[in-house]
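Notes follow once the structure below has been shown.
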Amino acid sequence: MTVVTRFAPSPTGFLHIGGARTALFNWLYARHHGGKFLLRIEDTDRKRSTQEAVDAIYEGLEWLGLNWDGDATSQFERADRHREAVQALLDAGKAYRCYCTPEELTQMRETAKAEGLPWKYSGIWRDRDPSEAPEGVDPVIRIKAPLDGEVVINDLVQGEVRVANETLDDMVLLRGDGSPTYMLAVVVDDHDMGVTHVIRGDDHLTNAFRQYQLYVALGWDVPEFAHIPLIHGPDGAKMSKRHGALGVDAYRDEGYLPEAMRNYLLRLGWAHGDEEIISTKQAIEWFDLSNVGRAASRFDFAKLSNLNGHYVRSGDDQMLVDAIAPLLEETRGSALDEAEKALLCTAMPGLKERAKNIVELSDSASFYVAKRPLNYTEKARNQLDEDAAAHLRVLASDFDQMADWEAEKLEQHVRDYVDATDPAVKLGKVAQPLRAALSGTTVSPPIFDVMVILGKQETLARINDAILATNF
RNA sequence: GGCCCCAUCGUCUAGUGGCCUAGGACGCUGGCCUUUCACGCCGGAAACACGGGUUCGAACCCCGUUGGGGUCACCA
């Protein structure tokens, strides 16, 4: 049997982090088994569904690199098919029309609550004759669920879970206006799409029992279920927009790399021994539902950040240049030319070692393509004192005479200069002003590497700018 | 509240009855490296929620307690 999984988000405006992990697990499971990973948009609630929201889901998945097979299915467009399934149930006497109005139901619920009784639809229309139907009420269709016995689900993550049928009531399948409910639509769609494994958030576990009853009523095979635990915020409470439940686009904007997100999300709730750094290829090979934990986990930005740093450090130079280019152009206000991009690519090995995300990488790279004269940070300006000016003047003229513009030679020269200067000065006493002059900051890649990447002409020009700026 | 699920360092986790005086990672922390900042390296503090069983033996099995979470719509 070919494995078919699906990700079925409702278009709420963005692909949030929990959904992203659910999608990842479904994707990994399908890829691991050489099966299919399908996408279905649960857009039956027309009020909350917009094309922008659907596009946000597409973009989120694409950014994460979770490619789905075939075209995405729109649940809304399948309403006729959903009604057809209900008609079959009606014909078979497994569903019935209920003429209770929403107001009556609300009333019943409140009464039950007031008396401290558990609420459950009584099923009063279950066996009532249609001739007793009141005038002017559009009935809903409810399933005629079993009254006794129990539903047992062998969940691939949660294990055996069972619930007594008597605690479940006759759920609504078709609303008064004839539109299908979520419970109905999911079952019909999963069946029609040939879904073999329903992998979704823990919050759907109780839905699984009712859906099980529907599968049975429809005479269909019940798919395997795997309810994965939810992701909580750093404080242990349910994820909210305040802490983490952002759209994946927000993570992208904050400089996280898709491979880092995949790796982090994978390790949240799943493990393969002590492995921490797991490539996507390796993940596909190793992924298994039996290794998914059963407890909810908290979202930890520090760990994500650390992982992201790893992927930035080991990232391809050109890929990283492409990633920071838009940010650099944005802050500088002008486009980067090919020479500048090439320069950044050469500088990348020294840059990526020091950044833990794309935004930082962009910031730290900006001095390479900044226009002279540089703007100095306060700390950099403090480096450019009278002593510094003196050193820079000497070094500028020395550098001007140097034939070989190589890092080792430059470093050796500066070290010799430091040693020869009396009273003894530390290398840092000269290197920091140099760094300030060349980068405008006090933090940069090794300064002699910077000189080489910048080139002799630009280096000398920036040093002279700095000497002028010192006013000494 | 009813029903359901869960419970190992601060966090993510390894652990499936003896290999556990509980391992790894992030974070925290002491040190080394060093032209800055990182990276890297060496070291440290830090957990089996509690109480009963079962067993020669329990982090692992059972029961209870406590604590957390989910769900109870003509939303999805």
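These numbers come from the heavy atoms of this one structure, side chains and all, not from hydrogens, waters or symmetry mates. This structure is a prediction, so every number in the text was calculated from the model and none was measured. Here is the naming used below: chain letters follow the sequence lines, and residue numbers restart at 1 for every chain.
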- Task: Find which nucleotide of RNA chain B each of A/Asp169 and A/Leu304 is nearest to by heavy atoms, and output the residue with the more 5' nucleotide.
- Result: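 Counting from the 5' end, the first nearest nucleotide belongs to A/Leu304.
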
- How do A/Gly159 and A/Leu105 order along RNA chain B: which one's closest nucleotide is nearer the 5' end?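 Whichever sits nearer the 5' end wins; that is A/Gly159.
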
Using a heavy-atom cut-off of 4.0 Å across all strands, would you classify [X] as base, sugar-phosphate, or nothing?
X        : value
A/Thr206 : base
A/Thr101 : base
A/Leu434 : nothing
A/Val140 : base
A/Arg142 : sugar-phosphate
A/Cys100 : base

With no hydrogens and no angle check, is any side-chain donor or acceptor of [X] less than 3.5 Å from a backbone partner on [Y]?
X        : Y        : value
A/Thr470 : A/Ile467 : yes
A/Thr459 : A/Met451 : yes
A/Thr44  : A/Tyr182 : no

Presence of salt bridge, [Y] and [X], under 4.0 angstrom:
X        : Y        : answer
A/Asp317 : A/Lys352 : yes
A/Asp202 : A/Arg294 : no
A/Lys409 : A/Glu406 : yes

Between [N] and [M], how far is it from one [atom1] atom to the other, in whole Å?
N      : M      : atom1 : result
B/rC28 : B/rC61 : P     : 35 Å
B/rU71 : B/rA76 : P     : 15 Å
B/rC37 : B/rA25 : P     : 25 Å
B/rC48 : B/rU21 : P     : 14 Å
B/rG15 : B/rU8  : P     : 14 Å
B/rG24 : B/rC9  : C1'   : 12 Å
B/rG10 : B/rC72 : C1'   : 34 Å
B/rU54 : B/rA45 : P     : 37 Å

Report the base-pairing partner of [N] (Watson-Crick or G-U wobble, both distances below 3.5 angstrom), or none.
N      : result
B/rU65 : B/rA49
B/rC41 : B/rG31
B/rC3  : B/rG70
B/rA59 : none
B/rU11 : B/rA25

Nucleotide [N], atom [atom2] - distance to [atom1] of [X] in whole Å:
X        : N      : atom1 : atom2 : answer
A/Arg109 : B/rU71 : CZ    : C1'   : 14 Å
A/Glu275 : B/rG15 : CD    : P     : 12 Å
A/Gln158 : B/rG69 : CD    : C1'   : 11 Å
A/Ile143 : B/rC74 : CD1   : P     : 15 Å
A/Asp155 : B/rG70 : CG    : P     : 18 Å
A/Leu230 : B/rA7  : CG    : P     : 15 Å
A/Ile231 : B/rU11 : CD1   : P     : 16 Å
A/Leu307 : B/rG24 : CG    : P     : 18 Å

- A/Asp192 vs A/Arg81 side-chain heavy atoms within contact, under 4.5 Å: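 A side-chain contact under 4.5 Å exists here.
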
- Message: Taking the side chain as everything from C-beta on, heavy atoms only, tell me whether A/Asp155 gets closer than 4.5 Å to A/Glu160.
- Response: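 A side-chain contact is absent here, since even the closest heavy-atom pair is not under 4.5 Å.
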
- Message: Applying salt bridge (Lys or Arg N to Asp or Glu O under 4.0 Å), can you list everything that pairs with A/Arg313, at least two apart in sequence or on another chain?
- Response: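 With sequence neighbours excluded, A/Arg313 shows a salt bridge (Lys or Arg N to Asp or Glu O under 4.0 Å) to no residue whatsoever.
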
- Item | Ring centre gap for A/Trp270 and A/Phe287 strictly below 6.0 Å |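 Yes, close enough.
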
What are the atom names and distances for every N/O pair under 3.5 Å that joins the protein to nucleotides 31-37 of chain B?
| from | atom 1 | to | atom 2 | distance (Å) |
| --- | --- | --- | --- | --- |
| B/rU35 | OP1 | A/Arg415 | NH2 | 2.8 |
| B/rU35 | O2 | A/Arg435 | NH2 | 2.4 |
| B/rU36 | O4' | A/Gln432 | OE1 | 3.0 |
| B/rU36 | O2' | A/Thr442 | O | 2.9 |
| B/rU36 | N1 | A/Arg435 | NH2 | 3.3 |
| B/rU36 | O2 | A/Ser444 | N | 2.9 |
| B/rU36 | O2 | A/Ser444 | O | 3.1 |
| B/rU36 | N3 | A/Arg435 | NH1 | 3.2 |
| B/rU36 | N3 | A/Ser444 | O | 2.6 |
| B/rU36 | O4 | A/Pro446 | N | 3.4 |
| B/rC37 | O2 | A/Arg354 | NE | 2.6 |
| B/rC37 | N3 | A/Arg354 | NE | 3.1 |
| B/rC37 | N3 | A/Arg354 | NH2 | 3.1 |

- Can you tell which of A/Arg210, A/Lys120, A/Arg142 makes a salt bridge (Lys or Arg N to Asp or Glu O under 4.0 Å) with A/Asp169?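 Testing A/Asp169 for a salt bridge (Lys or Arg N to Asp or Glu O under 4.0 Å) against A/Arg210, A/Lys120, A/Arg142 leaves exactly one candidate, A/Arg210.
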
Shorter than 3.5 Å, N or O on both sides, protein versus nucleotides 39-49 of chain B: list them out with atom names.
| from | atom 1 | to | atom 2 | distance (Å) |
| --- | --- | --- | --- | --- |
| B/rC39 | O2' | A/Glu353 | OE2 | 2.8 |

- Message: Once hydrogens and angles are ignored, does a donor-acceptor distance under 3.5 Å link the base of B/rA76 to the side chain of A/Asp43?
- Response: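 Result: no qualifying N/O pair found.
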
- How about A/Glu254 and A/Asn357: does a side-chain donor come under 3.5 Å of a side-chain acceptor?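 A/Asn357 and A/Glu254 do not have a side-chain donor-acceptor pair below 3.5 Å.
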
- For A/Thr101, check side-chain contact (heavy atoms from CB on, under 4.5 Å) against everything at least two apart and list the hits.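 With sequence neighbours excluded, A/Thr101 shows a side-chain contact (heavy atoms from CB on, under 4.5 Å) to A/Glu103, A/Glu104, A/Val137, given in chain and number order.
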
- Message: Using the side-chain contact (heavy atoms from CB on, under 4.5 Å) criterion, which residues pair with A/Glu135? Sequence neighbours excluded.
- Response: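 Testing A/Glu135 for side-chain contact (heavy atoms from CB on, under 4.5 Å), a comparison that skips the adjacent residues, returns none.
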
Kindly give the atom pairs (protein nitrogen or oxygen, nucleotide nitrogen or oxygen) under 3.5 Å for nucleotides 12-14 of chain B.
| from | atom 1 | to | atom 2 | distance (Å) |
| --- | --- | --- | --- | --- |
| B/rC12 | OP1 | A/Arg298 | N | 2.9 |
| B/rC12 | O2' | A/Arg267 | O | 2.9 |
| B/rC12 | O2 | A/Lys303 | NZ | 3.2 |
| B/rU13 | OP1 | A/Gly269 | N | 2.5 |

